[in-house]
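Data first, discussion second: the structure below is written as structure tokens.
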Protein chains: 2
Amino acid sequence: MNEASAPSATVTALRIRRTETLATLVRKELERMIVSGELKAGDRLNESALADRLGVSRGPIREACRGLEQSRLVEVVVNRGTFVRQISLQDALDIYDVRSALFGVAGETLAKRITPSQLSILSDLVARMNGAADDLDANYPLNVEYHAKLVEFSGNVRLMTTYRSLAQELHLFRRRGLVSEGSMAVSNREHRAILDALAKRDGARAGRLMREHILAGKNRLMKLAEAETGVAAEPSRRRRRLTAGA
Amino acid sequence: MNEASAPSATVTALRIRRTETLATLVRKELERMIVSGELKAGDRLNESALADRLGVSRGPIREACRGLEQSRLVEVVVNRGTFVRQISLQDALDIYDVRSALFGVAGETLAKRITPSQLSILSDLVARMNGAADDLDANYPLNVEYHAKLVEFSGNVRLMTTYRSLAQELHLFRRRGLVSEGSMAVSNREHRAILDALAKRDGARAGRLMREHILAGKNRLMKLAEAETGVAAEPSRRRRRLTAGA
DNA sequence: AATCTGAAAACTGTTGACAGTTTGTCGGAG
DNA sequence: CTCCGACAAACTGTCAACAGTTTTCAGATT
């Protein structure tokens with residue numbers, strides 16, 4: 001809860017600079033801490049403490065927070081501080097819908113322009129995921145990379161940055177936990193089908209499969225939420241609370 | 001080219017604060033200046049000059065720039081300054097693809113939950129656009145509002161913010177100029193068709209129509225670019241230059 | 001015991017100053 | 001005339017200090 005007591009002194013942010021500003025280094029470090037879960041949703045970012053911990057003054061810290069605010073990883077409350085954003089279930093579901101649309105257009109675009117070497121990279125990833133089909137921890141990073149590559153290979157820079165931003169934001173919701181071994185098998189089958197559609201340059205099919213692939217993830221989350229709360233998630237569109245009090 | 005000599009002293013940024021931080025006010029003012037074209041693509045943002053002009057110190061200016069960087073309206077080059085971003089034709093086309101996908105999912109979502117009062121608001125906008133079918137300047141803001149409302153009414157907050165961010169970014173490309181009277185008539189017909197699909201709660205059709213509506217805009221831009229340069233735009237995916245020298 | 005009050009502590013918002021880098025200029029050498 | 005280098009000006013990056021706000025907490029009051 002308090003970042004001053006964080007264990008890993010991963011403050012590689014020493015003066016190797018001239019290429020990057022301290023604010024940028026701090027932003028990346030904070031991004032890492034948030035995405036990795038070192039900083040949890042709702043946590044407050046104490047400027048002075050962070051400044052001490054990272055060995056810089058408060059200026060760069062504030063600049064970094066302003067960037068993080070715009071990429072929706074934190075919320076800034078005037079005179080009270082900046083807090084790691086809290087994502088409601090509804091927010092997460094909303095993000096899935098947007099991600100699904102983006103992933104779909106990535107598929108349509110990629111099918112038109114995919115190269116043999118890109119195909120082989122994707123094919124390799126699918127094979128490795130099949131090989132690790134019973135190991136969640138090995139599968140997870142491969143899965144993330146496969147998705148990232150699909151978007152990256154589309155060649156649409158803006159699509160890539162938007163997708164990445166949404167994926168990062170989704171990390172605020174939960175530490176994995178959504179992938180079970182059963183879903184992993186299904187997921188891998190879908191991965192292969194997507195690869196197949198891309199190899200055949202079938203843009204419409206690749207787009208549809210990729211949209212559905214993300215929506216399958218959304219459905220798993222909804223099922224899980226229903227099971228936990230006993231209430232259906234989607235119909236009740238309650239607004240998220242804006243204040244992020246710890 | 002120099003913001004110190006800008007005419008309108010729209011520095012409403014006086015101390016009415018306590019609700020918003022100076023950095024936020026500055027960011028919004030800069031956003032306005034960029035989107036309105038007061039600051040043009042490639043322009044440099046001189047921190048000291050801006051600080052003087054807006055009556056604040058450089059701290060809030062820098063924080064604002066960090067936010068704008070993350071929302072892709074400016075680019076920051078270390079030790080050289082922050083520049084209003086320059087959007088290449090390819091960037092613009094890429095953005096159209098993303099926007100199209102987002103607009104489509106907005107349609108699918110909205111069709112499921114649209115209310116009578118929302119329908120009447122949209123219907124009113126369509127009617128007013130038809131009434132102003134021969135007046136580009138009157139039509140433009142209505143058109144923007146219609147699109148914004150369609151996304152807003154979807155209820156997906158993240159979709160709305162992402163869409164708005166992309167729309168703003170597209171403003172960097174060109175000051176309107178894309179809408180001719182002929183396209184306006186076509187556009188209004190499409191608006192009506194979208195409204196019709198929404199009224200019938202036909203999500204698939206609304207989504208398709210809305211996707212195509214944006215892609216029509218992309219096609220107009222491509223045609224225009226081909227006519228200007230004599231070269232087809234889409235196939236040649238040249239990378240945009242990163243340095244934004246004036 | 002619970003609550004209210006007000007001062008102290010902690011923290012954010014903002015500023016001005018200093019250091020280092022980049023840009024622009026002027027004079028001289030080739 | 002062109003090119004080169006030193007010097008000056010302009011500007012960005014960073015920091016420490018100050019001002020104002022929020023939070024904490026001890027002590028008084030009911």
Side-chain angles (χ1 to χ4, degrees), chain A residues 1-5 11 13-30 39 42-70 74-84 242-246, chain B residues 1-5 11 13-30 39 42-70 74-84 242-246:
Chain A
M1 62 172 62
N2 189 344
E3 61 284 340
S5 64
V11 196
L14 277 319
R15 312 297 147 90
I16 327 155
R17 108 194 75 148
R18 284 314 97 79
T19 43
E20 274 183 323
T21 216
L22 284 188
T24 305
L25 291 173
V26 171
R27 179 172 56 72
K28 289 183 179 172
E29 173 70 1
L30 290 176
L39 284 171
D43 278 0
R44 160 118 163 270
L45 291 136
N46 185 319
E47 292 177 6
S48 314
L50 276 174
D52 287 349
R53 184 148 132 53
L54 300 176
V56 300
S57 72
R58 280 177 53 218
I61 305 275
R62 286 182 65 84
E63 289 179 27
C65 286
R66 261 21 226 238
L68 294 173
E69 179 187 25
Q70 222 57 21
V74 304
E75 281 182 10
V76 177
V77 184
V78 191
N79 277 327
R80 294 199 38 185
T82 86
F83 303 84
V84 179
L242 282 171
T243 54
Chain B
M1 92 182 19
N2 189 343
E3 60 285 338
S5 64
V11 195
L14 277 317
R15 313 299 148 86
I16 326 156
R17 109 196 71 150
R18 283 315 99 76
T19 42
E20 272 183 325
T21 217
L22 283 188
T24 305
L25 291 173
V26 171
R27 179 173 55 73
K28 289 184 179 172
E29 174 70 0
L30 290 176
L39 285 170
D43 279 0
R44 162 121 161 269
L45 277 68
N46 185 320
E47 291 177 5
S48 313
L50 275 173
D52 285 349
R53 183 147 133 54
L54 300 177
V56 300
S57 72
R58 279 177 52 219
I61 304 275
R62 285 183 65 83
E63 289 178 28
C65 286
R66 261 22 225 240
L68 293 174
E69 179 187 25
Q70 222 57 23
V74 305
E75 282 182 9
V76 177
V77 184
V78 190
N79 276 328
R80 295 199 38 185
T82 85
F83 302 85
V84 179
L242 280 172
T243 54

>> Taking only side-chain N and O atoms of Arg62(A), does any of them lie within less than 4.0 angstrom of OP1 or OP2 on dT12(C)?
In response: no
> Atom OG1 in Thr24(B), atom CD in Glu29(B): separation rounded to 0.5 Å?
Replying inline: 13.5 Å
> Rounded to the nearest Å, what distance is computed from the CD atom of residue Glu20(B) to the P atom of nucleotide dT21(D)?
Replying inline: 17 Å
> How many Å lie between CG on Leu50(B) and P on dT15(C), as a whole number?
Replying inline: 14 Å
>> Applying side chain to side chain contact (heavy atoms under 4.5 Å, CB included) to Leu30(B) and Val74(B), what does each step give before you reach the verdict?
In response: CA-CA 10 Å; Leu30(B) 290 176; Val74(B) 305; over 6 Å; no
> Hey, mind stepping through Val84(A) and Glu75(A) against side chain to side chain contact (heavy atoms under 4.5 Å, CB included) and telling me if it holds?
Replying inline: CA-CA 6 Å; Val84(A) 179; Glu75(A) 281 182 10; over 6 Å; no
> Separation of Arg66(B) atom CZ from dT14(D) atom C1', in whole Å?
Replying inline: 12 Å
> For DNA chain D, whose closest nucleotide is more 5', that of Pro60(A) or that of Thr82(B)?
Replying inline: Thr82(B)
> Which residue lies toward the 5' end of DNA chain D, Gly59(A) or Val78(A), if each is placed at its nearest nucleotide?
Replying inline: Gly59(A)
> In whole angstroms, how far is the P atom of dT14(D) from the CG atom of Leu54(A)?
Replying inline: 13 Å
> Among dT12(D), dG13(C), dC15(D), which is the nearest nucleotide to the side chain of Ser57(A)?
Replying inline: dC15(D)
> Between Glu63(A) (CD) and dG13(D) (C1'), how many Å, whole number?
Replying inline: 8 Å
Under 3.5 Å, N/O pairs linking protein and nucleotides 17-19 of chain D:
none

> Given Thr82(A), which of Asp43(A), Val77(A), Val76(A), Asn46(A) fulfils the side-chain contact (heavy atoms from CB on, under 4.5 Å) condition?
Replying inline: Val76(A)
Distances for protein N or O near nucleotides 7-11 of chain C N or O, under 3.5 Å:
residue	atom	partner	partner atom	Å
dC11(C)	OP1	Asn46(A)	ND2	3.0
dC11(C)	O3'	Arg44(A)	NH2	2.7

> Once you round to the nearest 0.5 Å, how far does CG of Asp52(B) lie from OG of Ser57(B)?
Replying inline: 10.5 Å
> Looking at CG of Leu54(B) and CD1 of Ile61(B), how far apart are the two atoms once the value is rounded to the nearest 0.5 Å?
Replying inline: 5.0 Å
>> If the condition is salt bridge (charged side-chain N to carboxylate O under 4.0 Å, His left out), which residues does Arg62(A) pass it with, not counting sequence neighbours?
In response: Glu47(A), Glu63(B)
> So Glu20(B) and Val78(A), side chain to side chain contact (heavy atoms under 4.5 Å, CB included) or not? Walk me through it.
Replying inline: CA-CA 7 Å; Glu20(B) 272 183 325; Val78(A) 191; 5.6 Å; no
>> If you apply the rule side chain to side chain contact (heavy atoms under 4.5 Å, CB included), what do you find for Arg66(A) with Arg27(B), and how did you get there?
In response: CA-CA 10 Å; Arg66(A) 261 21 226 238; Arg27(B) 179 173 55 73; over 6 Å; no
>> Looking at Thr21(B), I'd like to know whether one of its side-chain N or O atoms comes within less than 4.0 Å of OP1 or OP2 on dT14(C).
In response: yes
